[in-house]
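One structure is given here, and the rest of the page talks about it.
When reading the values below, keep in mind they use all heavy atoms of this one structure, side chains included, and skip hydrogens, waters and symmetry mates. Proteins get letters first, then strands, A, B, ... in listed order; numbering begins at 1 in each.
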Amino acid sequence: MRLVEVEAYLGASDPASHAYRGPTARTAPMFGPPGRSYVYFVYGMYYCVNVVASRSSVAGAVLLRGGEPIEGVGDDARALAGPGKLARALGLTTAHTNLDLVRSVLSIREAPPVPSARVVRSVRIGLNQHATTHEPWRFYVRGSPGLSRP
DNA sequence: CGAATGATCCGA
DNA sequence: CGGATCATTCGA
């Protein structure tokens, strides 16, 4: 798949982040080395996949919120549209948390750059409590069918 | 809009 | 321990 929507989460400075109140068993990967996965279970039925993106001991990760299928014709264009659906389509669960994404079963690779005119930067969505950060830490490809919100 | 559905975390 | 919470999704 091709990633078309992501959101950034930091640590102590980001009230909306799972890492806001320090490390726990669940959020430990967020405080570990970059390039690993952080997968968690929400709402009793969905998993969400993150890529840890800051150096060890500094919390920071990127939530994968949307993707477009690129292999397998006839794929539902919206099968990866949303963090819960993306994790489900990839078959990822908490069993896949804290895995090395560079040299492991999963791999994230560089792709031809998306023209910057098609990249939109906005505020994060789906956040409840906390004065949700007003920082524009959500990035997505304009018009993609793989977005969590069409 | 609200239900589904269960792990997690904090406060007591 | 108990209950409030939740970075979601789907269907009325």
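- Summarising the geometry, the separation between CZ on R138(A) and P on dT8(C) is reported as 11 Å, rounded to the nearest angstrom.
- One can place NE2 of H18(A) at 10 Å from C1' of dT5(C), the figure rounded to the nearest angstrom.
- Pairing of dC1(B), defined by two Watson-Crick or G-U wobble distances under 3.5 Å, is identified with dG11(C).
- Follow the hydrophobic side-chain contacts under 4.5 Å out from Y20(A) and you never reach L10(A); the two are in separate clusters.
- Counting to the nearest Å, the P atom of dT8(C) and the CG atom of L64(A) are 13 Å from each other.
- Linking ILVMFWY side-chain heavy atoms closer than 4.5 Å, directly or via other members, places V62(A) and V39(A) in a single hydrophobic cluster.
- Hydrophobic clustering (side-chain heavy atoms under 4.5 Å, transitive across Ile, Leu, Val, Met, Phe, Trp, Tyr) groups L86(A) together with L92(A).
- Across all strands shown, dC10(B) forms a Watson-Crick or G-U wobble pair with dG2(C), both key distances being under 3.5 Å.
- A cation-pi arrangement, defined by a distance under 6.0 Å to the six-membered ring centre and an angle within 45 degrees of its axis, is present between R138(A) and Y140(A).
- F139(A) CZ to R65(A) CZ: the interatomic distance, rounded to the nearest 0.5 Å, is 13.5 Å.
- In this structure, Y40(A) does not count as stacked on the base of dA7(C) under the 5.5 Å centre distance and 30° plane angle limits.
- Atom pair E7(A):CD and dA7(C):P shows a separation of 10 Å (rounding to whole Å applied).
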Please tabulate, one pair per line, each protein N/O and nucleotide N/O from nucleotides 9-12 of chain C that are separated by under 3.5 Å, including the distance.
| unit_1 | atom_1 | unit_2 | atom_2 | d |
| --- | --- | --- | --- | --- |
| dT9(C) | OP1 | G82(A) | O | 3.4 |
| dT9(C) | OP1 | P83(A) | N | 3.2 |
| dT9(C) | OP1 | G84(A) | N | 2.7 |
| dT9(C) | OP1 | K85(A) | N | 3.2 |
| dT9(C) | O4' | Y46(A) | OH | 3.3 |

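- Whole-Å rounding puts the L80(A) CG to dT8(C) C1' distance at 15 Å.
- What separates CE of M30(A) from P of dA7(C) is a distance of 12 Å, to the nearest Å.
- Side chains of T97(A) and T94(A): a donor-acceptor N/O pair is absent below 3.5 angstrom, by distance only.
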Protein proximity profile, nucleotides 7-12 of chain B - base contact B, sugar-phosphate-only contact S, no contact -, cut-off 4.0 Å on heavy atoms
SSSS--
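- L3(A) and Y47(A) fall within the same hydrophobic cluster, defined by Ile, Leu, Val, Met, Phe, Trp and Tyr side-chain heavy atoms under 4.5 Å apart, directly or through other members.
- The CD1 atom of I70(A) lies 8.5 Å from the CZ atom of R2(A); values are rounded to the nearest 0.5 Å.
- Comparing the same atom, P, in dT5(B) and in dG2(C) gives a spacing of 22 Å after rounding to whole Å.
- Classified by interplanar angle (parallel below 30°, tilted 30° to 60°, perpendicular above 60°), the ring pair Y40(A)/H18(A) is perpendicular.
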